Each structure stands twice: as structure tokens, then as C-alpha cells.
Enquirer: 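Below is a structure I'd like to ask you about.
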Amino acid sequence: MVEILRPDLCVLGAGAGGIAAACAAAATGASVVLVEKRRLEDGRPNPGLLSNVVIEAARATALGRRRSRASAGPNPLDSASSKSTVDIAALRRRAQKLADRLALDTPIRLAALNIKTIEGTARFTGRKSCAAGGVTIEPKWFVVAAGGVSEPATEIKGFELIRPLELESFLDLEHWPRRLLLLGGSAHGMALAQAFCRLGSQVQLIESGTFLPGEDRELVSPILTRLQREGVGLHENATVVRIKPLNSGMRIDFAKMGCDLDFEATHMMLTTPLSPRVEGLGLDEAGVDYDRNGIKVRGDLRTSNPSIYAIGDVLGGLSSLGNARAQGRRVVAQIFEARRTIRPQVARFAFTDPEFAAVGMSETEARNSHRNIRVLRARFHENAAAQLAGDANGHVKIITDARDRLLGVGIVGPQARELIGAYGLALSQRLRISDLRDFVPPTPSLAEAGSLAALALPGQLGKALWRRMFPVTRRFN
Ligand SMILES: Cc1cc2nc3c(=O)[nH]c(=O)nc-3n(C[C@H](O)[C@H](O)[C@H](O)COP(=O)(O)OP(=O)(O)OC[C@H]3O[C@@H](n4cnc5c(N)ncnc54)[C@H](O)[C@@H]3O)c2cc1C
């Protein structure tokens with residue numbers, strides 16, 4: 001006889017979003033079943049952790065080079081030509097150590113939180129039931145958190161003849177890739193391209209659209225310039241036409257702005273954004289609307305079936321751990337605490353060097369939605385902490401409406417991912433730029449860069465001068 005479980009909540013997928021939803025629900029006293037198709041105990045580092053380990057190792061290598069060059073005279077890091085020997089086994093060990101330390105999904109920990117885990121592939125069998133691991137689950141509510149999947153580039157001729165490096169296992173290599181082609185200029189594609197290059201690979205990064213689409217070009221350009229200076233071949237609006245296997249790797253033919261180009265690579269890796277995993281879940285049986293861009297949800301993350309919510313990468317759009325976790329906590333607050341939650345401000349980022357981070361609107365979005373906006377900028381060049389650290393590239397860009405209410409902030413430069421936090425809070429609290437004046441950061445500190453713009457207020461500079469420095473830009477259409 002098939003066992004039937006009837007918990008309050010069943011979560012499909014124990015990734016970032018699923019675990020956050022399950023833990024938040026269990027904390028309210030709800031009974032929770034969490035289904036995961038991976039072996040929860042395998043403890044293997046996930047692709048995000050693997051790539052961050054490589055990115056941090058490359059950052060340390062670059063910093064070491066920069067410091068040794070600085071001691072020999074002013075010679076900034078400009079090329080990754082000085083080859084490094086990469087100890088892949090050490091990187092692997094480091095990733096495993098971190099995975100062990102950061103493991104949130106061990107069945108023992110989940111059981112201690114009163115979450116029942118089932119290992120198996122979940123599939124809806126009806127509008128209110130799903131089957132997994134030989135068990136039928138009929139909860140009051142479902143949360144689908146099945147994540148994304150890397151799609152093979154089947155449209156490329158010859159793709160089926162090669163084996164691309166996989167994000168899950170690229171540290172299983174014996175030798176570091178000599179010549180690498182990364183296909184897909186997503187934020188993590190750009191960060192990985194720079195990291196591989198800094199660790200000695202020759203790298204070409206091909207993107208069919210533009211890098212970091214939707215973000216202000218003035219914040220993206222310093223990153224592209226740095227990547228190119230360090231030796232990464234960048235190709236926007238380029239299409240891979242054909243891949244031909246060779247004895248020593250492969251030849252990749254691609255077209256860019258009407259020109260035919262090719263590159264001989266020893267390895268290739270897909271860094272295109274993951275596609276939402278909508279196949280194999282039985283969404284039709286459950287009456288959940290979806291297409292290849294993801295599961296369709298309303299503003300409150302409810303699907304077309306009122307007892308099923310969906311969160312994270314399975315929705316398509318912004319792919320981030322923070323986003324998936326925030327959505328997981330949001331649906332639980334709605335279901336179990338009958339709390340209408342505010343949509344949180346989620347940071348967008350690229351862990352390149354210089355780093356990029358942004359919250360709220362880009363300048364283009366602000367111009368499209370507001371008649372008048374104001375744009376404030378502060379350069380790290382004028383920031384003592386950045387100069388002391390020898391890393392003063394980039395700037396903070398703050399966008400406000402005509403009444404000085406914050407609309408968006410973008411940062412390109414040192415520690416952008418840390419600095420963006422204060423602005424995210426300010427945005428979520430609907431603060432004005434003048435409110436930022438009420439906090440005086442330590443001196444010297446990178447935080448002063450943003451304060452510099454915020455401090456330039458009418459009361460302090462004189463209205464006329466301030467208006468001249470930071471004019472309101474009007475939309476004339
Ligand atoms: C290379 C790489 C680097 C990244 N780096 C970062 C980073 O540095 N910072 C950051 O914020 N984000 C990063 N991301 C993005 C981040 O990993 C995702 O946005 C996040 O994991 C999405 O969470 P999720 O819960 O939606 O899906 P996931 O975390 O992918 O979890 C989905 C889970 O569902 C399971 N599942 C799927 N189908 C079923 C089924 N039918 N039954 C049972 N279980 C199922 C899967 O096995 C998986 O465990 C990176 C992504 C990649 C690919």
C-alpha cells in the first residue's frame with residue numbers, strides 16, 4: 001500500500017529557495033515535507049560554491065601579482081600573461097571544506113527542525129497531490145522550488161560531438177584548461193572568464209546579446225575594459241555557428257558583426273543563464289500555467305492553481321540565492337502568518353573585479369517611469385580608503401526622483417557587493433537621499449564614496465550651486 005502524507009506544506013526541491021521556505025514554515029509550527037531528487041547526504045559543493053572558490057582564488061592571485069608589481073614600481077595589473085600553476089586538487093579540497101561547513105540541507109539538520117525529507121523526484125499527480133520516493137503527498141499547500149537547468153546548445157552545429165565542462169564538475173579536471181571558450185556572458189560567466197584568465201587560461205567569452213543586459217552601460221563598461229586589459233576575449237552580439245572536434249580540443253566558428261571568426265579551444269563551458277526547470281514536474285496535471293520562460297505566478301507568487309506557489313529560478317528572471325531565499329520566506333509569511341509582505345529589494349551583482357552591484361532602478365528604467373530624475377555620482381578615485389588599498393576604479397551612482405526619493409543605486413568598484421546593502425535598506429524603507437546624510441561613515445572607508453554624493457545637498461552647498469552640479473534631468477517626450 002502506498003504511504004500517504006498529509007502535511008501542511010510540501011516543498012519540491014531542497015535548493016536555496018526550498019530550504020528557506022521549509023525552515024521558515026517549520027518555525028511557525030507547520031508540518032513540512034521537503035522532497036529532493038539529489039542525494040541530500042552527498043555533500044558535494046554546488047556550482048555556485050565551486051565557481052566562487054575559483055573566483056576568490058583568482059582574486060587572491062591577482063592581488064598578489066598587483067602587490068609584487070607595486071613593490072617593484074608602479075605597474076598595475078594589466079595582463080594575465082604571467083602564468084600560474086593551478087593546484088586543482090587544493091581548490092577542490094577548499095570547495096569541499098566550505099561545502100561541509102555551509103551545509104544546510106543535511107537530513108539530520110532538517111529533521112532537527114521538524115522537516116521530513118523525502119529523497120526522490122517529485123511529480124504532481126493531480127491538482128492537490130504529488131508522488132515522490134514511493135510516497136503520495138497531499139498537503140494543504142505546495143511550494144515549487146525546482147530551480148533551473150543548463151540546456152545543451154543544440155542549435156549549434158557539432159555541439160553534440162563535444163563534451164562541455166560542467167559547472168558541477170569542472171574542478172574534477174586533471175589539468176587546468178589552456179584555451180577555454182565560455183558561452184554565455186551572464187554575471188557568473190563574466191566572473192568565471194576573468195577568474196580562469198587570471199589563473200592562466202586563454203579565455204574567450206561569447207554572448208549572443210549584451211553583457212549584463214538592462215544595467216547602465218556606464219557601470220558595465222569599467223568591467224569590460226578591465227576584463228579586456230587582463231586578456232579576456234569579449235564578444236557581444238556574437239553567435240557560435242559551428243563546433244568542430246580536433247585532436248587537441250575543438251575549433252569554434254562564430255559570427256560577430258558580419259565577420260566570421262574562429263577560436264581553437266581545449267575546453268568549452270556553457271555559462272548561459274539556466275533555463276527554468278519546468279519539464280518532468282507534472283505541472284499540466286496540477287493545472288499550473290508555465291512556458292519555457294518559467295512557471296507563471298501572480299505578484300504574491302501564487303500559480304494558476306491557488307494551493308501551489310512557485311519561487312526561485314523556476315520562475316525565470318533574476319537568478320540569485322538571495323532572491324530564491326527571500327521568495328521562500330515571503331510565501332511562508334503569506335500562507336502561515338497571513339502577512340502581506342512587501343516585495344523585497346533584491347541586489348543584482350557580478351563578482352568580477354571591479355565588482356558590480358545594483359538595487360532598484362537603472363537610469364533607463366527611472367527615465368522611462370519618471371518625468372524628472374536626478375543622477376548623483378561619486379568616484380572611488382576621490383575616496384581615501386580606495387586609494388589606500390590601491391584599488392580606486394569605479395564609482396557609485398545614485399538615482400533619485402525630483403523630490404530626492406531614492407529610485408536606484410548602482411556601484412562598480414571595490415567591495416560593491418558589501419556597499420550595496422545600505423542602499424537596499426534605504427530603498428526598501430523609501431528613504432530620501434537627504435536621509436543618508438544622517439549617517440557619518442568612518443574615515444577612511446569605502447562607504448564615504450556614497451556619502452559624498454548624499455552630502456552634496458542644497459542646504460550644504462547652496463541651492464544654486466547644487467542644482468548646477470546635480471541638475472534634474474527632464475523627460476521631454
Ligand atoms: C555557476 C553558478 C554560480 C552561481 N553563483 C551564485 C552566487 O555566487 N550568488 C548567488 O546569489 N547566486 C548564484 N547562482 C545562482 C543560484 O545558485 C540560484 O539562483 C539559486 O540556487 C536558485 O535557488 P532555487 O531554490 O530556485 O533552485 P536550486 O538552488 O537550483 O534548487 C533546486 C532544487 O530542486 C531540485 N529538484 C529539481 N527538480 C526536482 C524534482 N522534480 N523533485 C525533487 N527535487 C527537484 C534540484 O535537485 C535542486 O536541488 C549561481 C548559479 C550558477 C549556475
Side-chain angles (χ1 to χ4, degrees), residues 10-23 33-40 42 44-56 95 98 102 104-105 117-125 130-133 135 137 142-151 165-171 182 184 186-193 195-196 269-283 285-286 294-295 297 301 309-329 331 346-352 355-357 417 420:
C10 174
V11 181
L12 271 56
I19 297 245
C23 292
V33 170
L34 177 63
V35 188
E36 172 54 53
K37 66 178 189 174
R38 278 181 295 121
R39 282 218 48 223
L40 283 170
D42 83 354
R44 276 176 68 83
N46 62 37
L49 185 56
L50 286 173
S51 38
N52 278 317
V53 163
V54 172
I55 290 164
E56 289 309 323
L98 291 178
L102 300 173
L104 295 175
D105 57 356
T117 50
I118 295 179
E119 277 184 13
T121 301
R123 190 182 166 91
F124 285 104
T125 47
C130 92
V135 177
I137 309 152
F142 281 103
V143 172
V144 182
V149 60
S150 178
E151 301 272 16
L165 281 182
E166 292 189 354
L167 287 165
E168 288 80 10
S169 55
F170 69 90
L171 283 187
L182 294 181
S186 57
H188 74 260
M190 290 170 72
L192 272 177
F196 272 104
M269 195 185 215
L270 283 177
T271 44
T272 39
L274 302 183
S275 306
R277 194 194 306 264
V278 288
E279 299 301 333
L281 290 167
L283 295 175
E285 286 84 336
I295 292 181
V297 287
L301 301 170
Y309 290 77
I311 59 170
D313 282 11
V314 79
L315 303 181
L318 180 65
S319 171
S320 101
L321 293 164
N323 187 42
R325 287 176 185 146
Q327 290 182 339
R329 288 189 285 265
V331 293
V346 181
R348 311 178 301 275
F349 53 83
F351 296 154
T352 45
E355 281 180 13
F356 163 78
R417 72 176 104 172
I420 203 69

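In listed order, ligands and their atoms are each counted from 1. In this chain, numbering begins with 1 at the start of the sequence shown. All values below were derived from every heavy atom in this structure, side-chain atoms included, with hydrogens, water molecules and symmetry-related copies excluded. Remember, it's a predicted structure, so these values are computed and weren't measured experimentally.
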Enquirer: Does an N or O from Gly17, backbone or side chain, lie closer than 3.5 Å to an N or O of ligand 1?
Expert: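 N/O-N/O distance under 3.5 Å: yes.
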Enquirer: Counting heavy atoms only, which of Glu119, Glu168, Arg277, Arg123 comes nearest to atom 38 (N) of ligand 1?
Expert: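 Going through Glu119, Glu168, Arg277, Arg123 one by one, Arg277 has the nearest heavy atom to atom 38 (N) of ligand 1.
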Enquirer: Return the closest protein heavy atom for atom 32 (C) of ligand 1 as residue, atom name and distance.
Expert: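 Of every protein heavy atom, Ala145 O, 3.3 Å lies nearest to atom 32 (C) of ligand 1.
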Enquirer: Is the ring pair Phe170/Phe196 parallel, tilted or perpendicular, if the boundaries are 30 and 60 degrees?
Expert: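 Rings of Phe170 and Phe196: tilted, as their planes differ by 30° to 60°.
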Enquirer: Backbone or side chain, does any N or O of Ala16 fall under 3.5 Å from an N or O of ligand 1?
Expert: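 Ala16 vs ligand 1: N/O contact under 3.5 Å present.
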Enquirer: As an exercise, identify every atom of ligand 1 less than 4.0 angstrom from a heavy atom of Val35.
Expert: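 Per the distance check, 43 (C), 44 (N).
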Enquirer: Looking only at heavy atoms, is any part of Ala324 under 4.0 Å from ligand 1, and if so is it the side chain, the backbone, or both, or is it neither?
Expert: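 Under 4.0 Å from ligand 1, Ala324 contributes side-chain atoms alone.
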Enquirer: Test of understanding: with side chain to side chain donor-acceptor pair (under 3.5 Å), list the residues that count as partners of Thr117, not counting sequence neighbours.
Expert: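 Partners of Thr117 by the side chain to side chain donor-acceptor pair (under 3.5 Å) criterion come out as none, since no residue qualifies.
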Enquirer: Give the atom numbers and elements of ligand 1 that come within less than 4.0 Å of a heavy atom of Asn52.
Expert: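 Atoms satisfying the 4.0 Å criterion: 7 (C), 8 (O).
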Enquirer: Give the atom numbers and elements of ligand 1 that come within less than 4.0 Å of a heavy atom of Phe349.
Expert: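 This gives 9 (N), 10 (C), 11 (O) as the contact atoms.
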Enquirer: Going by the atom numbers of ligand 1, which of them fall below 4.0 Å from some non-hydrogen atom of Gly120?
Expert: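 With Gly120 as reference, the close atoms of ligand 1 come out as 42 (N), 43 (C).
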Enquirer: Need the ligand 1 atom indices (1-based, order shown) with element for anything under 4.0 Å from a heavy-atom of Phe351.
Expert: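 Matching atoms, with element in brackets: 8 (O).
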Enquirer: May I ask you to check whether Phe356 and Phe351 place their ring centres under 6.0 Å from each other?
Expert: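 When the ring centroids of Phe351 and Phe356 are compared, they turn out to be at least 6.0 Å apart.
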Enquirer: My understanding is that we take every heavy atom of each candidate and find the minimum distance to atom 1 (C) of ligand 1. Doing that for Arg39, His188, Arg325, which one comes out nearest?
Expert: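 When every heavy atom of Arg39, His188, Arg325 is considered, His188 comes closest to atom 1 (C) of ligand 1.
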Enquirer: Need the ligand 1 atom indices (1-based, order shown) with element for anything under 4.0 Å from a heavy-atom of Leu167.
Expert: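 Once the distances to Leu167 are compared, the set is 1 (C), 53 (C).
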Enquirer: Report yes or no: does Ser51 have a heavy atom closer than 4.0 Å to ligand 1?
Expert: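 Distance cut 4.0 Å: Ser51 passes for ligand 1.
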Enquirer: Starting from atom 12 (N) of ligand 1, locate the nearest protein heavy atom and write down its residue, its atom name and how far away it is, to 0.1 Å.
Expert: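 Going atom by atom, the protein heavy atom closest to atom 12 (N) of ligand 1 ends up being Leu321 N, 3.4 Å.
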Enquirer: Could you name the option among Glu279, Lys37, Met269 that has the heavy atom nearest to atom 39 (C) of ligand 1?
Expert: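 Among Glu279, Lys37, Met269, the closest heavy atom to atom 39 (C) of ligand 1 comes from Lys37.
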Enquirer: Between Glu36, Gln327, Arg417, Arg38, which one has a non-hydrogen atom sitting closest to atom 46 (C) of ligand 1?
Expert: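 Of the listed residues, Glu36 has the closest heavy atom.
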Enquirer: Check ligand 1 against Ser320 and write out every atom of the ligand that is under 4.0 Å from a heavy-atom position of the residue.
Expert: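 Those of ligand 1 that fall under 4.0 Å from Ser320 are 11 (O), 12 (N), 19 (O).
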Enquirer: Tell me whether atom 6 (C) of ligand 1 lies less than 4.0 Å from at least one protein heavy-atom position.
Expert: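 Under the 4.0 Å cut-off, atom 6 (C) of ligand 1 has no protein heavy-atom neighbours at all.
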Enquirer: Could you tell me, atom by atom, which parts of ligand 1 come under 4.0 Å of a heavy atom of Gly312?
Expert: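 Near Gly312, the atoms of ligand 1 are 26 (O).
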Enquirer: Determine whether any protein heavy atom is located less than 4.0 Å from atom 44 (N) of ligand 1.
Expert: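 Yes, there is one.
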